[in-house]
Amino acid sequence: GIFTAPGISCPVSVPDGPYRIMLRPDCLDVDHPGSYTLTVEDISFRGSETLVTFRAEDGTAWKKAFSGSVSWKRGDRIGASLLIEEAILFESD
């Protein structure tokens, strides 16, 4: 009844067993610090938006677009939250 992975623990309504989780970039909430630690790996300015690449402690890479500029710089470590309501679970083989 609980899905767990590095930085994630959430109730689920699937049978017990191994699963993989898919989270879209919108699920990464950097506006509300949490226990999911990220390092800013790259910042790419693209006109009216900025694409930021984050790396989680478990090696997961995240790319998220922000309107305008951002205050982070490469190497910054931040705490984020994951909005898991939209997560999709896949059974692992």
Side-chain angles (χ1 to χ4, degrees):
I2 302 289
F3 177 84
T4 57
I8 304 170
S9 180
C10 59
V12 293
S13 57
V14 295
D16 287 344
Y19 289 85
R20 292 182 304 139
I21 190 169
M22 182 184 79
L23 295 166
R24 293 184 167 87
D26 293 345
C27 295
L28 185 64
D29 184 358
V30 296
D31 294 324
H32 297 94
S35 61
Y36 194 63
T37 304
L38 303 168
T39 301
V40 177
E41 194 168 81
D42 190 43
I43 301 170
S44 177
F45 300 100
R46 300 180 173 202
S48 64
E49 69 179 25
T50 303
L51 182 65
V52 180
T53 303
F54 300 99
R55 181 78 55 184
E57 291 179 323
D58 66 358
T60 301
W62 291 84
K63 292 184 183 243
K64 185 166 176 137
F66 298 88
S67 28
S69 62
V70 297
S71 61
W72 306 301
K73 60 185 183 303
R74 287 184 186 159
D76 282 353
R77 291 177 50 87
I78 64 168
S81 297
L82 293 174
L83 307 173
I84 53 165
E85 295 81 17
E86 301 296 322
I88 299 172
L89 293 177
F90 297 95
E91 285 188 58
S92 291
D93 297 333

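The residues of the chain are indexed from 1 along the displayed sequence.
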Side chains of F3 and I84: closer than 4.5 Å at any heavy-atom pair? no

Using side-chain heavy atoms (C-beta onward) and a distance below 4.5 Å, is L23 in contact with L28? no

Tracing side-chain links under 4.5 Å among I, L, V, M, F, W and Y, which residues wind up in one group with M22? I88, F90

Find out whether F54 and T39 are in side-chain contact, i.e. whether some heavy atom of one side chain is under 4.5 Å from a heavy atom of the other. no

If I compare all heavy atoms of G1 with all of D16, which pair ends up nearest, and what's the gap? N-OD1, 3.0 Å

Sequence-distant partners of R20, side chain to side chain donor-acceptor pair (under 3.5 Å), two or more places apart: none

P11 and I2: which non-hydrogen atoms are nearest, and at how many Å? CA-CD1, 3.8 Å

Would F66 and L83 show up in the same hydrophobic cluster when neighbours are defined by side-chain heavy atoms closer than 4.5 Å? no

Once rounded to the nearest 0.5 Å, what's the spacing between atom CZ of R74 and atom CD1 of I43? 7.0 Å

Check for me, please, whether F45 and V40 land in the same ILVMFWY cluster - side-chain distances under 4.5 Å, paths through other members count. yes

Specify the closest pair of heavy atoms between T50 and S69, including all atoms of both residues, with the distance to one decimal. OG1-CA, 3.5 Å

Would you list the pairs meeting side chain to side chain donor-acceptor pair (under 3.5 Å) in which at least one residue belongs to residues 52-63, sequence neighbours left out? Y36-W62, E41-R55, E57-R77, D58-T60

For L38 and A80, which heavy atoms make the closest approach, and how far apart are they? CD1-CB, 3.7 Å

Side-chain donor or acceptor of S81 paired with backbone N/O of H32 under 3.5 Å: yes

Would you say the side chain of V30 lies within less than 4.5 Å of the side chain of V52, judging by non-hydrogen atoms? no

